[in-house]
Amino acid sequence: MSTPTAVARPDEVRRHNRTALLRRLHVDGPSTRAELAAELGLNRSTIKALVDGLAESGIVLERVPRARSGAGRPSLLVLPQPQAAVVLAVDIRVEQVAIALVGLGGEMLGRNRWNLHRRSGEPDEVITHIIESTRVLADELDLKIFGVGVSVPGVVRRSDGFIHEAPNLRWRDVPLGDRLRATLGVPVRVANDAEVGALAEHLRGAARGSLDAVYVSADIGIGGGVISDGSALRGTAGYVGELGHMVINPTGRDCHCGSRGCWETEVGELALCRALSLAEGTPRGVVVAELRGLRADEVGPRLGEFREWLTLGLVNIVNAFSPELVVLGDLFTALPPSLIAAVGAEVGKRSLVSRAIGGTRVQASTLGADGKLVGAAELAFEPVLDAV
């Protein structure tokens with residue numbers, strides 16, 4: 001006996017097509033109707049109906065392209081309207097918090113940033129400051145928020161944004177998602193900061209167009225995010241991204257996570273301070289300046305051991321996940337280009353998987369300090385694009 005095949009209702013098909021079109025405009029920017037039809041595999045009458053509906057709602061705008069070629073009537077350019085759907089992006093770090101209001105298409109419409117000091121780093125204080133700063137910023141810009149995305153350096157339950165543990169923040173069992181959702185009244189998504197960074201690189205950064213990539217970021221600790229076959233790898237309950245707690249030196253230093261010889265004890269910010277003969281607690285700007293000021297003949301002697309530990313960790317990651325690209329973010333972007341090139345070459349030689357796939361590229365992020373904000377915004381837009 002054959003099983004009936006489920007048939008999607010026309011309204012479900014329209015909703016699916018509408019969301020796909022909005023996502024295409026949001027991520028890739030303005031396009032003509034003809035380009036949208038070709039890329040989405042829809043006929044022109046369907047595209048016309050979708051665009052007309054979005055234009056009537058003020059979500060997109062159509063105009064004649066500035067540059068025209070050929071005779072005949074030009075194909076109109078469809079542009080997403082940033083203020084039609086705005087999300088709040090939040091980047092919580094060990095020493096500071098940044099927020100931004102981001103419009104459809106990825107444009108940052110307004111932002112704020114503040115440092116954390118002792119008591120101001122307590123969960124209640126941080127959450128209260130985020131809510132108050134968001135309200136002030138939204139009122140100043142006269143914007144309505146449709147969703148929230150938050151980046152946190154810790155172990156996060158994806159279903160509700162519950163922070164099980166964020167060791168470097170000294171947070172444990174914090175219902176961050178529920179707290180923000182109850183106060184702001186919009187969907188809230190919270191994720192590990194490295195997963196958020198991987199999402200940003202995949203959609204708008206160095207890994208754009210890569211189906212398999214790993215993002216590794218260095219702050220006080222080390223985090224990792226994995227893009228596998230074009231989607232974020234999230235693990236059981238969303239707990240993923242703690243590549244910094246991969247043990248690579250069993251006789252190494254004690255780690256705050258309770259283990260010994262974790263990767264972040266060998267390549268995190270404190271490890272860089274040791275390699276550069278800087279005191280623990282040296283301001284981040286000084287560490288970055290020192291790295292960028294290294295002469296070519298100083299890189300090997302001063303960062304040789306650090307390079308070996310970085311290489312060893314990346315070899316393990318490439319062998320485990322088989323990415324075509326590894327993107328180094330945050331503090332790693334200040335490493336000398338020659339060191340990154342040398343690490344990439346070593347990974348290519350020492351990784352069995354890298355040799356099998358013809359080489360895994362290793363490069364620094366191009367998104368700068370805003371990478372986690374970009375990723376947090378994209379996290380927030382995931383449900384918003386289907387509902388706006």
Side-chain angles (χ1 to χ4, degrees), residues 13-55 57-69 74-87 89 100-109 146-147 149 189 195-213 215 225 227-232 324-325 327 329 363 365-368 370-388:
V13 173
R14 282 193 296 271
R15 169 62 65 179
H16 171 79
N17 290 339
R18 185 179 187 275
T19 300
L21 188 150
L22 264 182
R23 176 161 292 282
R24 166 61 180 77
L25 293 172
H26 170 67
V27 174
D28 296 318
S31 298
T32 65
R33 290 187 181 189
E35 290 169 339
L36 291 171
E39 292 181 26
L40 298 176
L42 301 173
N43 60 52
R44 295 200 175 199
S45 62
T46 298
I47 290 293
K48 180 182 185 304
L50 292 172
V51 171
D52 286 348
L54 291 170
S57 301
I59 298 171
V60 303
L61 175 70
E62 289 190 282
R63 74 175 186 208
V64 176
R66 290 192 179 92
R68 295 178 55 182
S69 60
S75 182
L76 296 177
L77 197 62
V78 184
L79 301 91
Q81 294 302 285
Q83 296 187 358
V86 177
V87 301
L101 295 183
V102 183
L104 188 66
E107 180 181 347
M108 290 197 183
L109 305 172
F146 286 73
R189 296 232 175 150
E195 179 190 340
V196 168
L199 181 62
E201 294 294 340
H202 177 55
L203 293 179
R204 300 190 182 274
R208 188 166 184 161
S210 295
L211 291 177
D212 296 280
Y215 171 81
I227 300 296
S228 178
D229 196 23
S231 299
E324 59 184 290
L325 172 68
V327 181
Q363 70 178 80
S365 169
T366 57
L367 292 177
D370 286 340
K372 302 290 176 60
L373 279 176
V374 171
E378 295 306 326
L379 193 68
F381 269 115
E382 287 177 358
V384 167
L385 293 177
D386 191 47
V388 66

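Residue numbers count from 1 along this sequence. Scope of the values below: all heavy atoms of this structure, side chains included, with no hydrogens, waters or symmetry mates.
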To the nearest 0.5 angstrom, please state how far the CZ atom of R208 sits from the OG1 atom of T366.
10.5 Å
Can you establish whether the number of heavy atoms outside E35 located under 6.0 Å from its atom CD is more than 12?
yes
Determine yes or no for a side-chain-to-main-chain donor-acceptor pair under 3.5 angstrom, with S231 supplying the side chain and I227 the backbone.
no
For the residue pair S31 and V78, establish whether any side-chain heavy-atom pair is separated by less than 4.5 Å.
no
Side-chain (D212) to main-chain (D229) donor-acceptor, under 3.5 angstrom:
yes
Could you check L385 against L104 for side-chain contact (heavy atoms from CB on, under 4.5 Å), going step by step and ending with a plain yes or no?
CA-CA 9 Å; L385 293 177; L104 188 66; 3.6 Å; yes
Given side-chain contact (heavy atoms from CB on, under 4.5 Å), test T32 with L76 step by step and report yes or no.
CA-CA 6 Å; T32 65; L76 296 177; over 6 Å; no
Whether the side chain of T19 engages the backbone of R15 through a donor-acceptor N/O pair (distance < 3.5 Å, no angle test) should be reported.
yes
Is V51 close to E62 at the side-chain level, that is, under 4.5 Å between some pair of heavy atoms?
yes
Would you say H202 and E378 are linked by a side-chain donor-acceptor pair, where the criterion is simply a distance under 3.5 Å?
no
From I59 CD1 over to L22 CG, what is the distance, rounded to the nearest 0.5 angstrom?
6.0 Å
Walk me through whether V374 and M108 qualify under side-chain contact (heavy atoms from CB on, under 4.5 Å).
CA-CA 9 Å; V374 171; M108 290 197 183; 4.0 Å; yes
Ignoring hydrogens, what is the shortest heavy-atom contact between L373 and A89? Give both atom names and the distance.
O-CB, 3.4 Å
How long is the span from the OG atom in S365 to the NZ atom in K372, to the nearest 0.5 Å?
9.5 Å
Show the nearest heavy-atom pair for residues V87 and F381, with the distance to one decimal.
CG2-CE1, 3.5 Å
For a quick test of reading the model, state the closest non-hydrogen atom pair linking R18 to L54 and the distance between them.
NH2-CD2, 3.3 Å
Are any of the side-chain heavy atoms of P82 and L109 separated by less than 4.5 Å?
yes
Can you list everything that forms a side chain to side chain contact (heavy atoms under 4.5 Å, CB included) with E382? Sequence neighbours excluded, please.
R23, R158, R189, L199, R234, L379
Pairing residues for R63 by the salt bridge (charged side-chain N to carboxylate O under 4.0 Å, His left out) criterion, not counting sequence neighbours:
none
Using every non-hydrogen atom in the two residues, find where R204 and L367 come nearest and quote the distance to one decimal.
O-CD2, 3.5 Å
Report yes if some heavy atom in the side chain of L21 is under 4.5 Å from a heavy atom in the side chain of I47; otherwise report no.
yes
Minimum heavy-atom separation for R24 and L36, please, with both atom names.
CG-CD2, 3.6 Å
Between atom OG1 of T46 and atom CG of L40, what is the distance when rounded to the nearest 0.5 Å?
10.5 Å
Taking every non-hydrogen atom, the tightest pair across G149 and A380
N-CB, 3.3 Å
Distance from L42 atom CG to K48 atom NZ, nearest 0.5 Å?
15.0 Å
Qualifying residues under side chain to side chain contact (heavy atoms under 4.5 Å, CB included), relative to A207, sequence neighbours excluded:
E201, S210, A213, L325, V327
